[in-house]
Chemist: 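I have a structure here, written as structure tokens, and I will follow up with some questions on it.
Keep in mind that the numbers below use all heavy atoms, side chains included, and drop hydrogens, waters and symmetry copies. Every number for a ligand or one of its atoms is a count from 1 in the order of the listing. Residue numbers count from 1 along this sequence.
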Amino acid sequence: MEIKIDRLNKVYNKDFYALKDITLSIGNGMFGLLGPNGAGKSTLMRILVTLMKPTSGSIYVDGRDIHKHRKALRRMIGYLPQDFRFFSKLKTWEFLDYSAALSGMTNKRERDEAVDQMLEEVGLFDARDRMAGKLSGGMKRRLGIAQALINDPRLIVVDEPTTGLDPDERIRFRNLLSKISGQDRIIILSTHIVADISSTCNQMALLNQGEVAFQGTPEELIDKARGSVWKVILTTRELEKVKEEHPVISTVMMEKGWEVILVASELPGYQGEQIEPDLEHAYVHYMDKELNEYMIADF
Ligand code: ADP
């Protein structure tokens, strides 16, 4: 399966470009779309699942323009929106059964089987008779993913799926997604949380102010940050000064002073060592570079 996004633009309120000339290709597996709040991720996801039209540009799934084949496409999509809501008057299993019927599963016996299996899969089987509206935040999120997966979709789009989940639930959720990612299936995960992507995705893109700032593998992004991430020990005064000049990723108070991890191409005047970057360091490094280039271009 393959998705090609070709010169996509979305304009809100006549002249605000929420998406600017987005061109991306996405292959089988898990694709992470990473970017700060307001970058345009939800807009792109809504266009991809055909809930919204772009101002210009096209998206092709296996060579077919999605806006010309909306019906066929919707049948193969599972979507978990950021602001997922549901009828609170139904029991957990009833809600899932209803979602399955809506997605085209008309055979009652098949549906019963799929509902039970999915409840088991997301760890809600014991809560099947509880009112859906009374579930905890994490359980509601899991019910959200269950309704997105119930008809075994080939394209799964999840928007900020781990927001509001505790660390345990977050890990469980990521594991569930990696488990179902397989041949001839694409899972797109849009998030501002770097760890959602580093632990699961084989492909990714960075979206910033409506533009694709990077597309590749997480390793390629990490490669770009190599040599620019430092660990230094600083006094409180030095830390204040450094913060004004460089993006600081973490600070920990130690006996000998502040242990600080920061991004800088050079670090003259301080005793420090370069460390091996991870995806979070690479993200901060890239966004910092983007911001600097943007400011230089502007002023
Ligand atoms: P993200 O999901 O990355 O946080 P969004 O796609 O929600 O980004 O929003 C991108 C930008 O478009 C933001 O500046 C947001 O305020 C704006 N925006 C989103 N939806 C609308 C809308 N319906 N009308 C006008 N502006 C919008």
Side-chain angles (χ1 to χ4, degrees), residues 3-26 30-59 61 66-67 70 73-74 77-85 137 140-141 144-145 148 155-165 170 173-174 177 186-201 203-216 218 221 247 279-280 282-291 293-295 297-298:
I3 300 176
K4 281 206 176 296
I5 302 177
D6 185 29
R7 289 167 294 164
L8 202 75
N9 287 284
K10 179 69 192 180
V11 180
Y12 288 124
N13 302 329
K14 294 209 173 86
D15 60 358
F16 177 74
Y17 277 79
L19 297 176
K20 293 176 217 160
D21 225 17
I22 303 284
T23 294
L24 279 176
S25 46
I26 302 174
M30 277 188 76
F31 180 92
L33 183 67
L34 182 64
N37 286 326
K41 303 182 298 298
S42 293
T43 302
L44 183 57
M45 297 301 97
R46 271 186 234 129
I47 295 173
L48 185 59
V49 299
T50 71
L51 289 177
M52 193 191 256
K53 279 191 175 163
T55 307
S56 63
S58 312
I59 301 182
V61 172
I66 60 167
H67 282 281
R70 277 164 76 157
L73 189 84
R74 280 189 181 177
I77 289 184
Y79 176 47
L80 175 61
Q82 193 176 355
D83 55 354
F84 170 66
R85 302 238 197 311
K140 281 183 186 160
R141 226 46 214 154
I145 192 73
L155 171 58
I156 296 159
V157 176
V158 286
D159 198 355
E160 298 283 358
T162 64
T163 306
L165 295 186
R170 228 168 237 189
F173 184 80
R174 287 177 199 144
L177 285 185
I186 293 178
I187 302 179
I188 300 179
L189 199 150
S190 140
T191 183
H192 68 281
I193 298 169
V194 179
D196 282 347
I197 286 179
S198 50
S199 51
T200 45
C201 296
Q203 324 156 61
M204 66 172 291
L206 265 186
L207 200 63
N208 190 28
Q209 299 184 336
E211 291 182 273
V212 176
F214 167 84
Q215 178 183 15
L221 190 67
L279 192 61
E280 184 167 16
Y283 175 59
V284 173
H285 170 255
Y286 211 82
M287 294 311 269
D288 180 54
K289 205 170 96 239
E290 278 274 306
L291 196 65
E293 278 168 12
Y294 179 73
M295 285 169 68
D298 252 23

Chemist: Is the count of non-hydrogen atoms from other residues, nucleotides or ligands lying under 6.0 Å from R7 atom CZ greater than 12?
Modeler: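 At most 12 heavy atoms, drawn from other residues, nucleotides or ligands, come within 6.0 Å of this atom.
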Chemist: Is it true that, when you exclude Y17 itself, more than 12 heavy atoms of the residues, nucleotides or ligands shown sit nearer than 6.0 Å to its OH?
Modeler: no
Chemist: Please list the nearest protein heavy atom to atom 23 (N) of ligand 1 with its residue and the distance rounded to 0.1 Å.
Modeler: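 Among all protein heavy atoms, the one nearest atom 23 (N) of ligand 1 is Y12 CE2, 3.7 Å.
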Chemist: Decide side-chain contact (heavy atoms from CB on, under 4.5 Å) for K4 and I59; before the verdict, give the C-alpha distance in whole Å, the side-chain angles of both, and the deciding distance to 0.1 Å.
Modeler: CA-CA 6 Å; K4 281 206 176 296; I59 301 182; over 6 Å; no
Chemist: Is any N or O atom of T43, backbone or side chain, closer than 3.5 Å to an N or O atom of ligand 1?
Modeler: yes
Chemist: Check contact between G38 and ligand 1, using heavy atoms of the residue and a distance below 4.0 angstrom.
Modeler: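 In this structure, G38 qualifies as a contact of ligand 1 - some heavy atom is under 4.0 Å.
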Chemist: Can D196 and R174 be counted as an ion pair, charged N to O under 4.0 angstrom?
Modeler: yes
Chemist: Check ligand 1 against F16 and write out every atom of the ligand that is under 4.0 Å from a heavy-atom position of the residue.
Modeler: 11 (C), 12 (O), 14 (O), 17 (C)
Chemist: Within the distance-only criterion (no hydrogens, no angle test), does the side chain of K41 pair as donor or acceptor with the backbone N or O of T191 below 3.5 angstrom?
Modeler: no
Chemist: Strictly inside 4.0 angstrom of atom 2 (O) of ligand 1, do you find any protein heavy atom?
Modeler: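 It does: a protein heavy atom is found less than 4.0 Å away from atom 2 (O) of ligand 1.
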Chemist: What part of L44, side chain from CB on, backbone N/CA/C/O, both or neither, has a heavy atom under 4.0 Å from ligand 1?
Modeler: neither
Chemist: Among all protein heavy atoms in this structure, tell me which lies nearest to atom 8 (O) of ligand 1, with the distance rounded to 0.1 Å.
Modeler: G40 N, 3.1 Å
Chemist: Which one holds for P36 and ligand 1: side chain close, backbone close, both close, or neither close, with close meaning a heavy atom under 4.0 Å?
Modeler: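 Backbone only.
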Chemist: Could you tell me whether the side chain of T50 reaches within less than 4.5 Å of the side chain of L73, counting heavy atoms only?
Modeler: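 The answer is yes, as the side chains (C-beta and beyond) meet within the 4.5 Å cut-off.
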Chemist: Going by the order shown, which atoms of ligand 1 are within less than 4.0 Å of some heavy atom of S42?
Modeler: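 Atoms satisfying the 4.0 Å criterion: 1 (P), 2 (O), 6 (O), 7 (O).
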Chemist: Only heavy atoms of N13, strictly under 4.0 Å: list the atoms of ligand 1 that pass.
Modeler: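 Matching atoms, with element in brackets: 25 (C).
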Chemist: For E160, is the CD atom crowded, meaning more than 12 foreign heavy atoms sit under 6.0 Å from it?
Modeler: yes
Chemist: List ligand 1 atoms under 4.0 Å from A18, heavy atoms only on the residue side.
Modeler: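 What qualifies from ligand 1 is 12 (O).
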Chemist: Could you tell me whether the side chain of K20 and the main chain of Q209 form a donor-acceptor pair under 3.5 Å?
Modeler: yes
Chemist: Protein heavy atoms: any of them under 4.0 Å from atom 19 (C) of ligand 1?
Modeler: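 Protein heavy atom within 4.0 Å of atom 19 (C) of ligand 1: present.
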Chemist: Run the numbers for me: atoms of ligand 1, each under 4.0 Å from some heavy atom of N37, listed by number.
Modeler: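 This gives 4 (O) as the contact atoms.
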Chemist: Please report the shortest heavy-atom distance between I66 and I47, naming the atom on each side.
Modeler: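 Answer, listing the atom of I66 first, then I47: CD1-O, 3.5 Å.
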Chemist: For A39 and ligand 1, does the shortest N/O to N/O distance drop below 3.5 Å?
Modeler: yes
